[in-house]
Amino acid sequence: GINAEYGAFFIERVSLLFFPLVMLLSDPNFVAEEIESPFLLNNKGYLETQTLEKLKERTQKWLKFLSISETEEDPSRFLEYRDKDKEEKDQKKRETEGPSDEAIRRIVVLDAERTFKTDRRRKELSDFLYEVATNFGNYHQALSYVSAFLMLTFPKPVVFKILSKLNSDKKYVVKYWQETAVGMATDAYVLQEITQNLIPEVSAHLSKNTIFPETYCPKWFCGLCTQILPIEDLFDFFEKFLESGCTFLFQFGLSLFQQTKTELLKANDPTTLFTILRLDSSWVDEQPNKSLIKDIISSTNQFDLSKYDYEEMRNRLYKLHLQERLERSAKLQAEKKAQEDDDDDDLFGSDEEGEEGTGECQVCENLQADIYCADCKLLMCDICNKKNKNGHSSKAHKVTNVDDLSEEMREKLQLN
């Protein structure tokens, strides 16, 4: 039998996933109570018109794509990843190599607050994210919205299965949901190279305006568009993604470039370009094509990527664009180990620009910012600044060292 101490441990851990064994939409008050939450900002009345049965019928095929089931399993099945000795070893590893359990807990609580409005659902989500982080051995802020979206129609144990599959299967998003998001950054450069071949004018225009692929891909790749697409369109996005994996993510980027090509080529400042690339709702709502997002998703299949060897491209492009930067980043992180607690958000892949006063580089989203470019309205580290052959220290751009910013500007950028 299980002794009393381990029994308490078991009940506490498993209950986080199995209580309640329901979907968010099974609560008739969910939409009304969370309608003003950040997560439902892009609901646009859609969930109010749908029934759980109708949505569940649609999402059941997703599990077939992933080869997983939705059966309510015996909680003891989860002991395989609820091993107490393993968790104690993982905790000791984090104490010596990374943020502590306390740091993880603080980060996921903040992410849950950025997702839901009610305290109850924030607590349920933060507990779930903590389980995901401790079992994956890593974490990325994008997991908060992705988890919330999947919880609409799946109970937590099934959501955990889905996330585990996506995080471990090379078909999907391996090494995307981690502190440096190296998988995402590498695939961002894979997309860039494919774009150079298929839509060269867009690729050249983005490069001319020093728009690096790892600056606009996080919300597409890590966040799976959960922060930018209307919820109605997210169901279409996820269906195609779960069926085709990372290939669909590349196709989505290419389709977005193709559908917004005219607007992208007209834009010559980073702010406008990022507004388009991130499909800001204020910009999308002003476009004459009211079905722009649906057209982007439905047109993805026009791009046949079967000739591309992703693994070869990943290995080559990682060495070309990322290896040196990540090695330097690791060295800087080691030097700043004493300040680790202050940098927890950076270490865990926050993709919210400037939130909570993190002061992170808004280009690589890994290192602390060293300069602020008033023209680009971006905080940047020295590495990303120097990566641009012209640099942001040229006379064409007004730059200021972060330490020299006025108190008013620091407060505006939430650096204090």
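Remember, it's a predicted structure, so these values are computed and weren't measured experimentally.
- In terms of heavy atoms, F65 sits closest to L242 at CB-O, 3.4 Å.
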Hey, can you pull the donor-acceptor pairs under 3.5 Å for the side chains in residues 247-258, sequence neighbours left out?
residue	atom	partner	partner atom	Å
T247	OG1	Y310	OH	2.9
Q251	NE2	F303	O	2.8
S255	OG	I296	O	2.6

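- Looking at every heavy atom in both residues, M313 comes nearest to E193 through CE-OE2, 3.6 Å.
- For N197, the CG atom counts as densely surrounded, since its 6.0 Å shell holds more than 12 non-hydrogen atoms of other residues, nucleotides or ligands.
- A donor-acceptor pair under 3.5 Å links the side-chain atoms of S298 to the main chain of K294, judged by distance alone.
- Within 6.0 Å of NZ on K54 lie no more than 12 heavy atoms contributed by other residues, nucleotides or ligands.
- With a 6.0 Å cutoff to the six-membered ring centre and a 45° limit on the axis angle, R105 counts as a cation-pi contact of Y130.
- A donor-acceptor distance shorter than 3.5 angstrom exists from the side chain of D269 to the backbone of T272, with no hydrogens or angles considered.
- Between the side chains of E48 and N43, at least one donor N or O sits under 3.5 Å from an acceptor N or O.
- With salt bridges taken as basic N to acidic carboxylate O contacts below 4.0 Å, one links E33 and R121.
- By the neighbour-count criterion of 12 heavy atoms within 6.0 Å, atom NZ of K44 is densely surrounded, having more than that number from other residues, nucleotides or ligands.
- When the options V159, T59, V158 are evaluated for a side chain to side chain contact (heavy atoms under 4.5 Å, CB included) with L150, the one that passes is V159.
- The residues E239 and K61 are annotated as salt-bridged, a charged nitrogen and a carboxylate oxygen being separated by less than 4.0 angstrom.
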Does the side-chain contact (heavy atoms from CB on, under 4.5 Å) test come out yes or no for F237 and D233, once each step is laid out?
-> CA-CA 6 Å; F237 181 96; D233 299 310; over 6 Å; no
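- Heavy atoms from other residues, nucleotides or ligands lying under 6.0 Å from NZ of K171 number more than 12.
- Using a distance-only test at 3.5 Å, with no hydrogens or angles considered, no donor-acceptor pair links the side chain of K261 to the main chain of V202.
- Annotation: E36, atom CD; neighbour count of heavy atoms from other residues, nucleotides and ligands within 6.0 Å does not exceed 12.
- A donor-acceptor pair is defined here as one N or O able to donate and one able to accept, closer than 3.5 Å; such a pair exists between the side chain of W220 and the backbone of L277.
- At most 12 heavy atoms of other shown residues, nucleotides or ligands fall within 6.0 angstrom of atom CD in E324.
- More than 12 non-hydrogen atoms from other residues, nucleotides or ligands lie less than 6.0 angstrom from CD of E201.
- One N or O on the side chain of D304 and one on the backbone of S306 form a donor-acceptor pair closer than 3.5 Å.
- Note on K156 versus D127: no salt bridge recorded, every NZ/NE/NH1/NH2 to OD/OE distance being 4.0 Å or above.
- Side-chain contact, S203 with Q192: no donor N or O sits under 3.5 Å from an acceptor N or O.
- For K290, the NZ atom sits in a packed shell: over 12 heavy atoms of surrounding residues, nucleotides or ligands are nearer than 6.0 Å.
- Ring-plane geometry between F235 and W62 is classed as tilted, the angle between the planes lying from 30 to 60 degrees on a 0 to 90 degree scale.
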Stepwise side-chain contact (heavy atoms from CB on, under 4.5 Å) test for F116 and L24 | CA-CA 12 Å; F116 288 135; L24 289 175; 3.8 Å; yes
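- Ring-centre distance between F221 and Y216: not below the 6.0 Å cut-off.
- Judged purely by atom type and a 3.5 angstrom limit, Q287 uses its side chain to pair as donor or acceptor with the backbone of W283.
- The main-chain N or O of E131 is found under 3.5 Å from a side-chain atom of N135 such that the two form a donor-acceptor pair.
- How far CG of L66 is from CG of L166: 6.0 Å, rounded to the nearest 0.5 Å.
- A donor-acceptor contact shorter than 3.5 Å is absent between the side chain of Q141 and the backbone of D111.
- Partner of R314 under the side-chain hydrogen bond (donor to acceptor under 3.5 Å, both in side chains) criterion, chosen from D187, T186, D309: D187.
- Using modelled atom types, no side-chain atom of N209 and backbone atom of P270 make a donor-acceptor pair closer than 3.5 Å.
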Kindly indicate, with the supporting measurements, whether the criterion side-chain contact (heavy atoms from CB on, under 4.5 Å) is fulfilled by Y139 and I107.
-> CA-CA 9 Å; Y139 180 73; I107 293 164; 3.9 Å; yes
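- Paired with T115 under the rule side-chain hydrogen bond (donor to acceptor under 3.5 Å, both in side chains), one option of S126, S147, S144 passes, and it is S144.
- By the side chain to side chain donor-acceptor pair (under 3.5 Å) test, S67 pairs with no residue at all, sequence neighbours left out.
- A pairwise comparison of heavy atoms in L25 and T153 identifies CD1-CG2, 4.4 Å as the closest pair.
- Using the six-membered ring where Trp is involved, Y189 and H321 have ring planes that are parallel, under 30° apart on the 30 and 60° scheme.
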Applying side-chain contact (heavy atoms from CB on, under 4.5 Å), run through T215 and L378 and close with a yes or a no.
-> CA-CA 11 Å; T215 61; L378 288 175; over 6 Å; no
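- Remark: the backbone N or O of K266 is not paired with any side-chain donor or acceptor of H205 at under 3.5 angstrom.
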